[in-house]
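First the structure, in the form of structure tokens, and then the observations on it.
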Amino acid sequence: MTSSVLTARALCKYFNEGGARLDILKGAELDVVPGESVAIIGTSGAGKTTLLNLLGGLDAPSSGQVLLMGNDLSVASDSKRDLLRNRHLGFVYQLHHLLSEFTALENVAMPLMIRGIAKDEALRQAGEMLTKVNLAKRVDHKPAQLSGGERQRVAIARALVGSPDCVLMDEPTGNLDPHNAASVWQLMSDLMQDMQTAFVVVTHDEELAAKMGRTLRLQDGVLSVDG
């Protein structure tokens, strides 16, 4: 069994614009172990979301490797990569990406049903997770009937429902009031302790970053320890 949940090795990403090369990431190195929390900070446009997309196997690096539970995502087949993400990763991005035709309960249960869990059990677990993010009374509402903050909490519940080994979050508390932000942090803390879930969080929330186990800064394409 691998000691790291998620690993980046010499991770580079660049684009060609008008014949010029634009380097977004320059050899990023990262090891995330079970149960730890990592905050990634940096100015807007520094490439933080690009880094999360690479770590989650949603984009391919220009060079370097991303290993999820010891599996190299860059050489995995599409089906293998999808399976690894479903089993081991949770995602919370700035856009909630909820399915508009389904209720909050069904949206949260979806990853479990894709995993092969029976619908009734998936819905039961989804209901428990929505209760933990203070949405027990909104389970039957569709995304259009929810506020922005409520939709964000549904997305967070969906990411956490399967107790993944690692959760990638892009500004997870950006649309939340202090009370619900505190609830989300408590849920994250419980999962870190009870399930050894790891969290990698891109955030401008200084209070949230201060609670994380360590903070990294992405600046000029270089990922380094903050301070």
Side-chain angles (χ1 to χ4, degrees), residues 1-95 159 164-174 188 192 196-206 208-227:
M1 181 174 178
T2 180
S3 59
S4 293
V5 174
L6 191 62
T7 301
R9 289 284 174 264
L11 197 61
C12 295
K13 185 68 177 181
Y14 61 83
F15 300 96
N16 290 309
E17 292 190 352
R21 172 166 154 166
L22 178 62
D23 287 293
I24 305 298
L25 290 173
K26 304 174 183 177
E29 300 274 342
L30 180 64
D31 278 295
V32 182
V33 300
E36 84 160 322
S37 56
V38 181
I40 298 176
I41 61 175
T43 60
S44 297
K48 302 184 299 297
T49 297
T50 297
L51 175 58
L52 280 192
N53 286 339
L54 294 174
L55 293 176
L58 301 174
D59 192 9
S62 301
S63 61
Q65 289 181 303
V66 174
L67 306 177
L68 175 60
M69 303 301 289
N71 297 276
D72 189 340
L73 294 181
S74 64
V75 299
S77 65
D78 288 344
S79 59
K80 177 67 176 295
R81 196 160 47 243
D82 289 344
L83 178 63
L84 288 168
R85 281 197 297 258
N86 180 263
R87 296 278 178 173
H88 302 296
L89 284 180
F91 297 89
V92 180
Y93 285 107
Q94 287 176 304
L95 295 177
D165 294 286
C166 184
V167 179
L168 305 177
M169 293 181 152
D170 193 347
E171 297 291 355
T173 57
M188 291 167 60
M192 281 186 278
Q196 287 294 286
T197 300
F199 289 85
V200 179
V201 179
V202 164
T203 184
H204 288 97
D205 185 339
E206 293 185 6
L208 178 60
K211 294 175 180 177
M212 308 296 276
R214 57 188 170 116
T215 301
L216 305 177
R217 180 176 293 275
L218 184 59
Q219 185 173 0
D220 297 326
V222 177
L223 187 66
S224 59
V225 176
D226 185 51

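Atom set for the values below is all heavy atoms of this structure, side chains included, hydrogens, waters and symmetry mates excluded. Residue numbers run from 1 in the order of the sequence given.
- The side-chain hydrogen bond (donor to acceptor under 3.5 Å, both in side chains) check on Asn16 picks up nothing, with sequence neighbours excluded.
- Not counting sequence neighbours, Glu206 has no partner by the side-chain hydrogen bond (donor to acceptor under 3.5 Å, both in side chains) test.
- When only modelled atom types and interatomic distance are considered, Ser74 and Asp72 share a side-chain donor-acceptor pair under 3.5 Å.
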Report the C-alpha separation of Arg9 and Asp31 in whole Å, then their side-chain angles, then the decisive distance to 0.1 Å, and conclude whether the salt bridge (Lys or Arg N to Asp or Glu O under 4.0 Å) test is met.
CA-CA 9 Å; Arg9 289 284 174 264; Asp31 278 295; 2.7 Å; yes
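- Asn86 contributes no side-chain N or O that, together with a main-chain N or O of Leu84, makes up a donor-acceptor pair within less than 3.5 Å.
- Checked against side-chain hydrogen bond (donor to acceptor under 3.5 Å, both in side chains), Ser77 has the following partners two or more places apart in sequence or in another chain: Ser79.
- Here salt bridge (charged side-chain N to carboxylate O under 4.0 Å, His left out) pairs that include residues 54-71, with residues two or more places apart or in two chains, are Lys13-Asp59.
- The closest side-chain heavy-atom distance from Leu168 to Cys166 is below 4.5 Å.
- A salt bridge links Asp82 to Arg85: at least one charged side-chain nitrogen sits closer than 4.0 Å to a carboxylate oxygen.
- Applying the side-chain hydrogen bond (donor to acceptor under 3.5 Å, both in side chains) test to Thr197 and every residue at least two apart in sequence or in another chain returns nothing.
- With hydrogens and angles ignored, the 3.5 Å screen pairs a side-chain donor or acceptor of Arg81 with a backbone N or O of Leu73.
- For Lys80, the NZ atom is loosely surrounded, since the number of other residues' heavy atoms within 6.0 Å does not exceed 12.
- Listed by first and then second residue, the salt bridge (charged side-chain N to carboxylate O under 4.0 Å, His left out) pairs involving residues 33-55 are Glu36-Arg214 (not counting sequence neighbours).
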Please step through side-chain contact (heavy atoms from CB on, under 4.5 Å) for the pair Ile41 and Thr215, ending with a clear verdict.
CA-CA 7 Å; Ile41 61 175; Thr215 301; 3.8 Å; yes
Ile40 vs Leu51, test: side-chain contact (heavy atoms from CB on, under 4.5 Å). Steps then yes/no.
CA-CA 10 Å; Ile40 298 176; Leu51 175 58; 3.7 Å; yes
